[in-house]
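Below: the structure, in structure tokens.
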Number of protein chains: 2
Amino acid sequence: MTGSADVALRAGVSRSTVSQILNGRAHLFSEETVAKVRETAAVMGYRPSLAGRTLVRGKSDIVITLIPDITFGPTVREFVDLLTEGLAKEGLTNLLRLSSSDDTLQDAVLGLRPHSIVTMAPLRPEDIERLEKQGIYVIGQSQAFQAAADVTIGRLQAEHLLGQDYKRIAVVRPRSIREQYSAPEREKGVLEYGSLHAMEVLPTLEIGLTSDEALKAVGSLPAGRIGLACYNDEVALAILGAALREGVSIPAEMGIIGVDNSVIARASTPTITSISMDLELNVRELVGHIVSGRELRIPPEATDEYTRGFTVIQGDTTRR
Amino acid sequence: MTGSADVALRAGVSRSTVSQILNGRAHLFSEETVAKVRETAAVMGYRPSLAGRTLVRGKSDIVITLIPDITFGPTVREFVDLLTEGLAKEGLTNLLRLSSSDDTLQDAVLGLRPHSIVTMAPLRPEDIERLEKQGIYVIGQSQAFQAAADVTIGRLQAEHLLGQDYKRIAVVRPRSIREQYSAPEREKGVLEYGSLHAMEVLPTLEIGLTSDEALKAVGSLPAGRIGLACYNDEVALAILGAALREGVSIPAEMGIIGVDNSVIARASTPTITSISMDLELNVRELVGHIVSGRELRIPPEATDEYTRGFTVIQGDTTRR
DNA sequence: CACCCACATTGGCACGCGTCAATAGTTGTA
DNA sequence: TACAACTATTGACGCGTGCCAATGTGGGTG
């Protein structure tokens with residue numbers, strides 16, 4: 001592997017010269033030397049070892065983004081893409097880590113001495129404390145914030161359903177463990193809004209994501225117009241297909257709203273009403289905080305501000 | 001940040017002792033010392049700096065998995081999960097890098113001196129050569145292999161459709177750029193099988209993933225029984241929904257087969273016939289090759305062997 | 001008692017890099 | 001000529017680690 005010493009040898013200068021020229025001190029050297037070093041480095045495909053650099057600097061330029069065990073849908077993907085791009089502009093390298101429930105996996109990454117760790121899922125407070133005690137800057141949705149966002153989503157669903165004149169509603173959530181992070185909070189949001197506005201909220205349905213279970217769930221519902229607040233678009237799709245099969249008329253007898261505004265919502269027929277979120281807004285803010293190293297602790301009273309950016313996308317599965 | 005020296009000081013031993021005990025040479029030391037060092041390290045939350053270790057070893061324990069700009073669906077997610085898990089058992093840390101088309105992004109990762117790089121998308125031969133010249137072990141589907149696999153998928157779709165007595169078929173692919181990697185090859189597989197078995201293959205439909213476009217596509221089809229080989233389950237879902245809306249009877253008048261065997265295929269009603277792949281098989285093999293450092297170059301004549309593991313999952317959208 | 005050997009532990013080097021003090025070379029000033 | 005003031009470049013140190021050679025420490029054997 002090419003090292004700075006190799007480049008120096010070939011360019012006929014000292015290793016120190018190479019290092020300085022490639023680290024923003026080129027103005028100290030003659031144009032001739034600078035050109036020769038740059039060229040040689042390029043030709044040899046030299047990449048400074050992050051190990052050496054990290055060692056001498058004490059921290060790496062690496063940001064680790066923890067992806068929890070949730071569905072990595074288009075929304076999350078786009079978020080991460082934007083984040084990676086934004087960080088790259090600041091000279092930081094974003095790498096992803098799929099964090100299953102196993103705790104030790106997260107620790108494996110600490111050896112990198114990452115610049116900071118971004119979590120897409122709320123970490124337990126004790127974990128955050130442990131990381132920060134090690135000097136790692138942890139950024140991410142606090143449990144409180146995540147909860148607030150999910151409650152907001154649930155509230156929006158209920159609000160939309162009521163606005164479309166579904167006065168009797170129910171929550172539908174998947175049985176899969178992967179979704180257990182947010183499901184209770186979203187349900188809470190629906191229930192709160194429902195009871196606040198005198199809606200009739202039926203017991204929550206929990207289904208496996210198969211056609212059979214969806215049919216059973218739909219069959220278990222009482223007759224009469226009803227609105228279903230689904231955990232995400234996949235759940236909504238399952239319910240929608242089953243309802244159509246059972247001859248339930250959509251949206252007259254049954255209203256369905258999902259979450260994510262995914263391809264599923266837009267591609268199915270009828271299109272599914274869903275909830276989208278404004279990612280760019282969040283990403284821009286996030287990058288700023290990472291670079292500046294300022295704390296990103298959302299005070300409880302300000303969570304409302306951060307739960308903006310959620311928008312109901314009207315589809316054909318809900319209509320007055 | 002805690003270092004091995006800190007641990008040594010607190011445990012009352014030399015730094016060297018700490019290092020050796022934590023690196024598989026514990027048998028050289030007394031039980032008492034080993035216990036004390038292990039305990040102290042645990043209490044202090046010591047994680048050896050990867051920088052130091054990499055420096056002295058010349059290579060890190062990090063495997064970089066490049067995720068191309070394709071849909072990170074459940075199948076890919078599961079594959080990566082399994083891979084991460086398998087590598088962890090071998091002491092390797094798997095990190096993900098979302099690689100957009102931008103070349104420089106990949107280089108950013110070279111400074112890590114990764115143990116190897118796994119690519120989920122075929123890299124250009126010159127890129128592979130460049131990486132290997134730097135001593136990085138590149139593993140991944142060669143363009144040839146990926147192509148072979150995709151052709152196989154297409155062939156399987158056509159075969160299944162013919163088996164279910166759809167003698168007139170068409171390919172449906174999404175317009176999105178993200179899917180352009182595999183789409184042509186899958187189409188090729190369908191066409192080849194079709195012409196080989198005297199099937200009538202209609203011109204390929206290209207649709208955006210919206211309900212409207214799907215309706216238009218379905219409307220453009222001639223009357224009579226037809227089988228549609230869809231690029232993936234999302235496309236299949238779009239077509240299915242549109243067909244049901246148009247009163248096309250499924251599977252009598254129209255057969256639909258997707259790819260991925262995703263939640264979509266199982267959750268929709270009717271369930272969608274799809275193609276699944278045996279991930280664990282591939283992953284186990286992959287991990288073995290990474291650890292052993294042996295070449296994983298699939299010889300052209302052996303591609304067939306690697307394209308096994310694809311299975312048609314019968315759903316309700318195709319039936320004789 | 002002298003010797004050797006196994007055991008338990010430590011000292012010291014090298015890895016590649018960024019940085020800063022130190023050096024050589026050149027020009028300007030008194 | 002002597003000396004300062006600059007410019008262009010280099011030497012040397014230390015970051016944290018893994019590992020090998022070296023050291024100390026007993027206990028057993030002759």
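Here the structure is a predicted model, which means the values were calculated and not measured. Here is how names work: the chains are called A, B, and so on, in the same order as the sequence lines, proteins then strands, and each is numbered from 1.
Nearest-nucleotide positions on DNA chain C for Leu28(B) and Val56(B) put Leu28(B) closer to the 5' end. Toward the 5' end of DNA chain D, the nearer of the two residues Gln20(A) and Gly52(A), judged by each one's closest nucleotide, is Gln20(A). In terms of position along DNA chain C, the nucleotide closest to Glu31(B) lies nearer the 5' end than the nucleotide closest to the other residue of the pair Leu55(B) and Glu31(B).
Here the P atom of nucleotide dT17(D) and the CZ atom of Arg47(B) are 12 Å apart, to the nearest Å. Atom P of nucleotide dG16(D) and atom CG of Leu22(B) are separated by 16 Å, given to the nearest angstrom. Atom CZ in Arg25(A) sits roughly 13 Å away from atom C1' in dA21(C) (whole-Å rounding). The nearest whole Å value for the distance from the CZ atom in Arg53(B) to the C1' atom in dC15(D) is 17 Å. Across the protein-nucleic acid pair, Lys59(A) atom NZ and dG18(C) atom P stand 18 Å apart, rounded to whole Å. Phe29(A) has its CZ atom 9 Å from the C1' atom of dT10(D), to the nearest Å. Rounded to an integer number of Å, the gap from NZ of Lys36(B) to P of dT9(C) is 10 Å. When the P atom of dG18(C) is taken as reference, atom CG of Leu50(A) falls 10 Å away, rounded to whole Å.
Taking only side-chain nitrogens and oxygens, Ser19(A) comes nearer than 4.0 Å to OP1 or OP2 of dG18(C). Here Ser49(A) does not reach the OP1 or OP2 of dG16(C): none of its side-chain N or O atoms lies under 4.0 Å away. Within the structure, a side-chain polar atom (N or O) of Thr17(A) is placed less than 4.0 Å from OP1 or OP2 of dT10(D). Distances shorter than 4.0 Å separate none of the side-chain N or O atoms of Arg113(A) from OP1 or OP2 on dC15(D). The side chain of Tyr46(A) places an N or O atom within less than 4.0 Å of a non-bridging phosphate oxygen (OP1 or OP2) of dC17(C).
The closest donor-acceptor contact from the side chain of Ser116(B) to the backbone of Val63(B) lies at 3.5 Å or more, if one exists at all. In this structure, Asp6(A) contributes its side chain and Gly3(A) its backbone to a donor-acceptor pair below 3.5 Å.
Taking only distance into account, the side chain of Ser16(A) meets the base of dG11(D) through a donor-acceptor pair shorter than 3.5 Å. At a cut-off of 3.5 angstrom, counting only N and O atoms as typed in the model, there is no donor on one side facing an acceptor on the other between the side-chain of Arg15(A) and the base of dG11(D).
Counting non-hydrogen atoms under 4.0 angstrom, Thr54(A) reaches nothing in the nucleic acid.
Side-chain contact between Leu50(B) and Leu110(A) is absent, with no heavy-atom pair separated by less than 4.5 Å. Looking only at side-chain heavy atoms (C-beta outward), Ser4(B) and Tyr46(B) come within less than 4.5 Å of each other.
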Step-by-step side-chain contact (heavy atoms from CB on, under 4.5 Å) determination, Val287(A) to Lys89(A): CA-CA 10 Å; Val287(A) 171; Lys89(A) 279 184 196 149; over 6 Å; no

